[in-house]
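Okay, so here's the structure we're looking at.
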There are 2 protein chains.
Amino acid sequence: MIECQIEVFLNIFTVDDDKIKILLLKKEGSSTWHLPSRLLKIDESLESSATKICNKFQLKADMLKECHTFSEVNRNKERRTIAVSYMLMINKYSLKNYEFEYQLFDINNIPKMAFDHGSIIAQAVACLKKELLNLNNLKVFFPADFTFPELQKVYEEVLNENIDRRNFRKKFLPFVYETGEKNELPSGGRPAKLYRFLDKDLERNLFNVIK
Amino acid sequence: MIECQIEVFLNIFTVDDDKIKILLLKKEGSSTWHLPSRLLKIDESLESSATKICNKFQLKADMLKECHTFSEVNRNKERRTIAVSYMLMINKYSLKNYEFEYQLFDINNIPKMAFDHGSIIAQAVACLKKELLNLNNLKVFFPADFTFPELQKVYEEVLNENIDRRNFRKKFLPFVYETGEKNELPSGGRPAKLYRFLDKDLERNLFNVIK
DNA sequence: ACTCCTTTGCGTTATTCTTACACAACTATT
DNA sequence: AATAGTTGTGTAAGAATAACGCAAAGGAGT
């Protein structure tokens with residue numbers, strides 16, 4: 001029997017401007033950034049606590065995934081605190097209630113974080129990259145019209161290697177359809193066609209890797 | 001700030017008699033089986049607590065993997081109890097201190113378990129199967145001489161499908177070498193050659209699946 | 001209009017991997 | 001010696017992958 005507090009952290013990931021981003025919060029008066037979090041109450045489970053964070057942003061909590069627990073004895077000097085970290089993949093359009101103190105950050109450009117939030121994010125990012133190898137999860141990031149170059153950039157970041165543009169297209173073609181529309185803001189270069197994912201369920205790894 | 005107890009569970013998996021097995025404990029006077037476990041103390045982390053369970057069996061704790069937390073409010077009626085589940089893959093020869101009240105069970109034939117230990121095992125087994133797709137993890141189960149039929153049986157259970165014997169062999173041949181010895185107890189049929197894994201590191205998925 | 005530059009779309013080829021088999025080799029049993 | 005059960009080896013068709021060349025569509029500058 002121990003007396004402690006249990007923190008629940010939520011890593012909210014999305015794709016914005018061709019980059020994988022995470023939602024962070026700057027608390028008033030603090031110089032560092034924070035992950036959205038909540039203290040577990042005696043009458044709730046970790047999952048329901050994480051769900052309440054989702055509710056705050058009006059996000060569906062049905063794809064919540066537990067990442068890791070952080071329990072080093074001294075991670076909080078004042079009192080024994082154990083943290084459980086969750087992640088959620090969303091598309092950026094589903095982010096409501098997105099107030100001024102919240103901001104999306106490129107996962108490769110995380111600002112100075114409070115306490116050990118930086119390592120919690122690092123762990124969650126590793127977890128995210130595994131999940132994104134499953135096409136069913138990747139779909140969450142691209143619910144509406146997307147172009148092949150956009151999709152490829154995310155995959156290249158996940159796999160951490162460059163992929164041939166033409167071979168990449170061939171791999172994904174069986175799972176998408178053209179909308180007929182084209183990209184609007186090319187800033188030079190040929191406009192890209194817009195695609196959407198088909199509804200088929202796909203439990204297949206398109207790239208033969210395990211991470 | 002809540003007062004609760006935190007349980008650490010350890011799912012110890014091994015391969016024995018061509019089956020994936022888990023180490024369970026029957027406590028004196030109890031009619032049900034238990035997972036090896038430990039209550040978290042105020043001055044230790046979850047990892048170090050799980051390591052202490054490993055020590056009891058003289059098992060190296062360097063491959064401990066966190067599986068899941070179980071935090072339903074009523075999972076223990078008497079007091080608020082949160083469980084964190086770990087898993088460890090070992091080869092059966094490394095199991096010392098293996099006393100009479102402990103027993104290995106086929107993961108497809110789990111006995112009647114105490115409390116929610118059954119669902120903790122189910123979750124850990126799912127976790128294990130993912131891990132075994134990584135050949136580096138599979139090696140732990142087959143440290144010494146093994147035959148192709150033995151290896152294949154484990155893979156068929158993980159993938160939950162039958163694999164062609166000859167194609168399976170071709171896939172794994174680049175990663176093993178013959179010892180020159182042959183299987184001793186064939187009970188009829190041609191004796192199988194014995195193999196060992198090469199030392200190469202392999203972060204590749206030999207079967208194109210995500211689970 | 002024309003050229004240059006950039007980006008996207010499409011196709012071709014050689015190579016590798018996968019799949020589905022047939023058949024021989026080895027052992028124990030009868 | 002014949003049979004049954006199991007393992008080892010080969011081969012050929014088909015699919016997937018990797019490495020390219022090149023055309024098409026737009027913007028910017030002249």
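Everything quoted here is computed from the prediction, not taken from an experiment. Order of the sequence lines fixes the chain letters, A, B, ..., with proteins taken first and strands second; residue numbering starts at 1 for each chain.
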In whole angstrom, what separates [X]'s [atom1] from [N]'s [atom2]?
X        : N      : atom1 : atom2 : answer
A/Asp164 : D/dC20 : CG    : P     : 9 Å
B/Asn162 : C/dT19 : CG    : P     : 14 Å
A/Lys153 : C/dT8  : NZ    : C1'   : 11 Å
A/Glu161 : D/dA18 : CD    : C1'   : 12 Å
A/Phe172 : C/dC10 : CZ    : P     : 17 Å
A/Leu173 : D/dA15 : CG    : C1'   : 17 Å
A/Ile163 : D/dA19 : CD1   : P     : 12 Å

**Request:** Verify the distance criterion only: is there a donor paired with an acceptor across the side chains of B/Ser45 and A/Glu72 at less than 3.5 Å?
**Result:**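 Not at all, the side chains of B/Ser45 and A/Glu72 share no donor-acceptor pair under 3.5 Å.
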request  = Sort and list the pairs that fulfil salt bridge (Lys or Arg N to Asp or Glu O under 4.0 Å) and have at least one residue in residues 141-153 of chain B, not counting sequence neighbours.
outcome  =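 Matches after skipping sequence neighbours: B/Asp18-B/Lys153, B/Asp145-B/Arg196.
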- Sequence neighbours excluded - salt bridge (Lys or Arg N to Asp or Glu O under 4.0 Å) pairs with any residue from residues 111-129 of chain A: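 Qualifying pairs: A/Arg75-A/Asp116.
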The criterion is side chain to side chain donor-acceptor pair (under 3.5 Å); which residues satisfy it with A/Asn91, sequence neighbours excluded?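 Expected list: none.
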Sequence neighbours excluded, which residues qualify as ring-ring contact (aromatic ring centres under 6.0 Å, His included) partners of B/Phe70?
->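 For B/Phe70 the ring-ring contact (aromatic ring centres under 6.0 Å, His included) partners, ignoring immediate neighbours, are B/His68.
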Review point. Looking at residues at least two apart in the chain, or sitting in another chain, which of them share a ring-ring contact (aromatic ring centres under 6.0 Å, His included) with A/Phe141?
Key: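 Once residues adjacent in sequence are excluded, A/Phe141 has no partner under the ring-ring contact (aromatic ring centres under 6.0 Å, His included) criterion.
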Please enumerate all protein N or O atoms sitting under 3.5 Å from an N or O of nucleotides 23-26 of chain C, with distances to 0.1 Å.
| unit_1 | atom_1 | unit_2 | atom_2 | d |
| --- | --- | --- | --- | --- |
| C/dA25 | O4' | B/Arg190 | NH1 | 3.4 |
| C/dA25 | N3 | B/Arg190 | NH1 | 3.2 |
| C/dC26 | O2 | B/Arg190 | N | 3.1 |

Starting at the 5' end of DNA chain D, which residue's closest nucleotide do you reach first, A/Asn167 or B/Glu178?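 Final value for this comparison: B/Glu178.
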Which residue lies more 5' along DNA chain C, comparing A/Pro149 with A/Lys170 via nearest heavy atoms
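Between the two, 5'-proximity favours A/Pro149.
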Exercise. Please check if the distance between the ring centroids of A/Phe172 and A/Tyr155 is under 6.0 Å.
Key: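 They qualify: ring centres under 6.0 Å apart.
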So, OP1 or OP2 of C/dT7: does either fall under 4.0 Å of a side-chain N or O from A/Lys193?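 Answer is no, no contact under 4.0 Å.
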- prompt: So does B/Lys171 reach the base of C/dT16 with its side chain, donor to acceptor, closer than 3.5 Å?
  reply: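 Under the 3.5 Å cut-off, the side chain and the base do not form any donor-acceptor pair.
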